[in-house]
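Structure record follows, encoded as structure tokens.
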2 protein chains.
Amino acid sequence: MAHADRLPTLAVLRCFEASAKQESFTAAAEELGLTQSAVSRQVKELEEQIGTPLFRREGRGVRLTGAGRALADAVCGDLERLRRTIYHAIAAGTGPQVLAIAAPPTFAARWLVPRLPKFRDLHDGLEMVVYSRSEPFDLYKEQIDVAVHFGGWDWPGAQLSPLCPETLVAVAAPDLITRYGVSKPLDVLDMPLLHLSARTHLWEEFAKSLGHNGLALRQGSHFDQFSLVISAALAGMGAAILPTYLIERELNDGDLIRLADVTTDAVKSYFVATPMGKNLPLAASFTAWLRKQVIQPRMD
Amino acid sequence: MAHADRLPTLAVLRCFEASAKQESFTAAAEELGLTQSAVSRQVKELEEQIGTPLFRREGRGVRLTGAGRALADAVCGDLERLRRTIYHAIAAGTGPQVLAIAAPPTFAARWLVPRLPKFRDLHDGLEMVVYSRSEPFDLYKEQIDVAVHFGGWDWPGAQLSPLCPETLVAVAAPDLITRYGVSKPLDVLDMPLLHLSARTHLWEEFAKSLGHNGLALRQGSHFDQFSLVISAALAGMGAAILPTYLIERELNDGDLIRLADVTTDAVKSYFVATPMGKNLPLAASFTAWLRKQVIQPRMD
DNA sequence: ACTAATCCATTCATTTTATGAATGAATAAA
DNA sequence: TTTATTCATTCATAAAATGAATGGATTAGT
């Protein structure tokens with residue numbers, strides 16, 4: 001394949017990418033900090049190189065053609081890849097090694113990242129790039145070497161190895177507990193309850209497991225991330241059900257008090273996911289190391 | 001992720017790509033049809049953007065640093081991807097659909113391609129890009145939608161579905177047969193034998209299955225592709241063991257005469273491979289269609 | 001040790017390419 | 001209509017990439 005290599009310029013591709021996303025040259029121009037004129041001409045150039053109209057000009061406004069949409073999808077992916085490649089190279093600095101890691105936001109912030117320096121110290125010249133991402137995405141496309149996954153064995157294209165089960169506990173700030181005079185687990189339900197939007201059933205399940213009817217337990221404040229629930233709990237806003245892994249420090253320091261263990265029948269737990277087929281030794285070593293970090297399931 | 005998007009120019013990346021491949025700016029310049037000067041400066045620019053030396057200047061000559069090699073690998077892949085994307089878009093023309101197909105060279109030329117028009121006619125606006133490739137490569141990386149694979153269930157990252165077993169026959173050109181007066185299968189071994197380099201054991205296995213000692217049967221002419229073996233057989237150069245799928249026409253027209261069936265204990269056969277995880281309906285439909293094409297195992 | 005050849009770095013003048021500003025044409029909304 | 005919006009085009013300008021020439025450093029050959 002002698003590269004007669006008629007690749008369109010990056011300028012061209014970026015203009016097309018933005019235009020396709022927005023289906024508007026003016027908007028794309030704004031996004032790119034260019035004028036509409038520039039974008040218009042760049043897109044036209046791409047159309048000439050490809051030999052096919054990519055947008056249908058409809059009076060004012062443009063719409064992607066079929067060919068345009070197909071190309072846009074591909075090009076967006078390719079550019080994103082290229083950006084990541086460059087980004088990783090910058091992060092790697094002088095060393096040849098970067099490990100690209102993804103994990104759910106709160107898990108990353110509270111459990112994973114604090115432990116990373118130890119791993120980094122074991123490997124000379126290693127740098128890391130951490131992405132917070134919740135759940136199944138394409139490891140290959142996004143160029144992630146290792147991802148922490150919470151859920152089941154349900155990640156196609158990923159090599160999963162179990163990390164640890166989730167251990168849930170009901171907690172609250174000490175002064176809140178004093179105020180409500182909690183003595184037995186069921187008392188917890190009298191306090192204001194804090195919820196994670198994605199898992200609103202937790203309190204109900206907990207209540208049921210204690211013999212409570214479990215009705216109307218979804219009221220209370222809702223948050224879309226564990227970190228927010230944690231902040232709220234620390235602020236004494238209510239009781240929360242949280243994974244122990246995310247509040248190790250708070251439990252140790254007594255900023256949050258464990259009120260009851262929560263058992264859930266959902267068979268979800270933490271996994272380490274690596275891209276299938278790809279065989280990066282560093283990723284394997286990181287996986288092994290991660291699993292070792294979790295041997296001491298509780299430290300309180 | 002607000003794209004502060006400091007992507008190096010494509011010119012820069014291509015210069016780096018070529019330089020990395022050759023570990024020489026002058027050679028890279030030649031490959032790209034540029035001057036050494038241009039390449040030198042482009043590479044330098046990339047090094048400045050990344051913030052790390054990518055080549056070690058060693059007197060005359062340059063050598064990739066660790067970081068350089070890592071980046072080169074990634075960038076080569078990314079550019080190749082981009083090229084394919086553009087290439088496929090050009091091939092697709094006005095229609096939104098391209099199917100990228102890979103198959104072993106001779107199989108593609110003799111069996112697959114002749115049948116493709118029929119499939120294409122079933123799908124409006126469909127175009128195809130065909131690559132001849134022998135054996136396990138990364139479907140995702142190379143952006144192949146469907147690949148024909150000969151071998152076993154041994155393609156990681158690919159969804160395999162069986163197409164058909166390989167049916168081998170010993171054949172020769174009619175005049176050669178006359179000349180050697182072949183009457184029973186064992187007589188075949190008296191003729192000059194033609195071999196496929198990758199499978200030199202075929203004649204020996206054949207001979208053993210007939211009770212012959214099977215020694216010294218690897219001599220004769222060797223070729224690295226089935227198509228060459230076929231040409232040689234047609235030219236009366238000797239007898240060959242060939243898959244029926246590759247010589248359907250010749251058997252029908254009597255240009256090659258079937259001398260004996262060959263049974264092999266190797267459990268290899270043809271498969272259709274599609275990238276795991278990706279779920280392209282067109283690829284599925286092509287797979288199904290392919291398997292239907294093979295229902296009539298023999299047409300003679 | 002000298003010479004010739006090879007290769008990379010740098011500079012400067014030049015060409016090529018991308019861009020902005022201005023303007024026109026088409027369309028949709030008021 | 002009138003007005004506002006949006007894309008297309010043109011032209012002058014700014015920015016970027018390039019080639020030619022040159023210098024320095026290194027290796028190979030004698």
Side-chain angles (χ1 to χ4, degrees), chain A residues 3-65 67-69 72 75 79 82 86, chain B residues 3 5-65 67-69 72 75 79 86:
Chain A
H3 301 236
D5 218 40
R6 279 267 134 258
L7 266 185
T9 313
L10 263 197
V12 167
L13 292 175
R14 292 187 8 78
C15 283
F16 173 63
E17 181 194 29
S19 303
K21 273 218 244 343
Q22 313 252 11
E23 304 226 353
S24 152
F25 294 169
T26 345
E30 184 154 3
E31 177 186 326
L32 298 171
L34 295 177
T35 52
Q36 171 268 328
S37 156
V39 175
S40 166
R41 275 168 298 156
Q42 300 284 37
V43 170
K44 186 174 149 197
E45 190 181 327
L46 183 59
E47 289 178 315
E48 275 159 13
Q49 281 194 52
I50 302 288
T52 308
L54 300 171
F55 290 94
R56 218 169 311 117
R57 273 67 171 178
E58 304 198 321
R60 80 177 173 181
V62 286
R63 285 246 297 280
L64 279 169
T65 61
R69 183 164 303 288
V75 165
L79 287 183
L82 207 45
I86 299 300
Chain B
H3 300 232
D5 217 40
R6 278 267 134 257
L7 265 186
T9 311
L10 269 194
V12 167
L13 293 175
R14 290 183 13 76
C15 284
F16 173 63
E17 179 193 30
S19 303
K21 273 214 222 57
Q22 314 250 12
E23 303 225 1
S24 154
F25 294 170
T26 339
E30 184 155 3
E31 177 186 327
L32 298 172
L34 295 177
T35 52
Q36 171 268 327
S37 157
V39 175
S40 165
R41 276 168 297 155
Q42 300 284 35
V43 171
K44 186 173 148 198
E45 190 181 326
L46 182 60
E47 288 178 314
E48 276 159 13
Q49 282 193 52
I50 302 289
T52 309
L54 301 170
F55 290 93
R56 219 169 311 115
R57 272 69 172 177
E58 304 197 323
R60 82 175 174 183
V62 287
R63 285 247 297 281
L64 279 169
T65 61
R69 182 163 305 286
V75 165
L79 287 183
I86 299 300

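These figures come from a predicted structure and were not determined experimentally. Letters go in sequence order (proteins before strands), and every chain restarts at 1.
By the 6.0 Å contact criterion, CD on B:Glu30 is open, its count of non-hydrogen atoms from other residues, nucleotides or ligands being 12 or less. Atom CZ of A:Arg63 is surrounded by 12 or fewer heavy atoms from other residues, nucleotides or ligands within 6.0 Å.
Residue B:Phe25 places its side chain closer to C:dA9 than to any other of D:dT10, C:dA9, D:dG19. Comparing D:dA4, C:dG20, D:dG19 by their closest approach to the side chain of B:Ala38 singles out D:dG19. When distances run from any side-chain atom of B:Ser37 to the nucleotides C:dC8, C:dT27, C:dT10, the shortest one goes to C:dT10. Across C:dC8, D:dC7, C:dT19, the shortest atom-to-atom separation from the side chain of A:Gln42 is found for C:dT19. Residue A:Arg60 has its side chain nearest to D:dA4 when only C:dT10, D:dT18, D:dA4 are considered.
The minimum heavy-atom distance linking B:Ser19 with B:Phe55 is given by the pair CB-CZ, 3.7 Å.
Using a 4.0 Å heavy-atom criterion, one finds that A:Glu45 contacts the sugar-phosphate atoms exclusively. Residue A:Val39 is out of contact with every strand shown, counting any heavy-atom pair closer than 4.0 Å.
A donor and an acceptor atom never sit less than 3.5 Å apart when one is taken from the side chain of B:Arg41 and the other from the base of C:dT10.
Distances shorter than 4.0 Å separate some side-chain N or O of B:Arg57 from OP1 or OP2 on C:dA9. At D:dC7, none of the side-chain N or O atoms of A:Ser40 fall inside 4.0 Å of OP1 or OP2 (strictly under the cut-off). OP1 or OP2 of D:dC7 has not a single side-chain nitrogen or oxygen of A:Lys44 nearer than 4.0 Å.
The residue among A:Thr9 and A:Gln36 whose nearest nucleotide of DNA chain C lies closer to the 5′ end is A:Thr9.
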Report task. Carefully, step by step, assess B:Glu23 and B:Arg69 under the rule salt bridge (charged side-chain N to carboxylate O under 4.0 Å, His left out). Result -> CA-CA 10 Å; B:Glu23 303 225 1; B:Arg69 182 163 305 286; 2.8 Å; yes

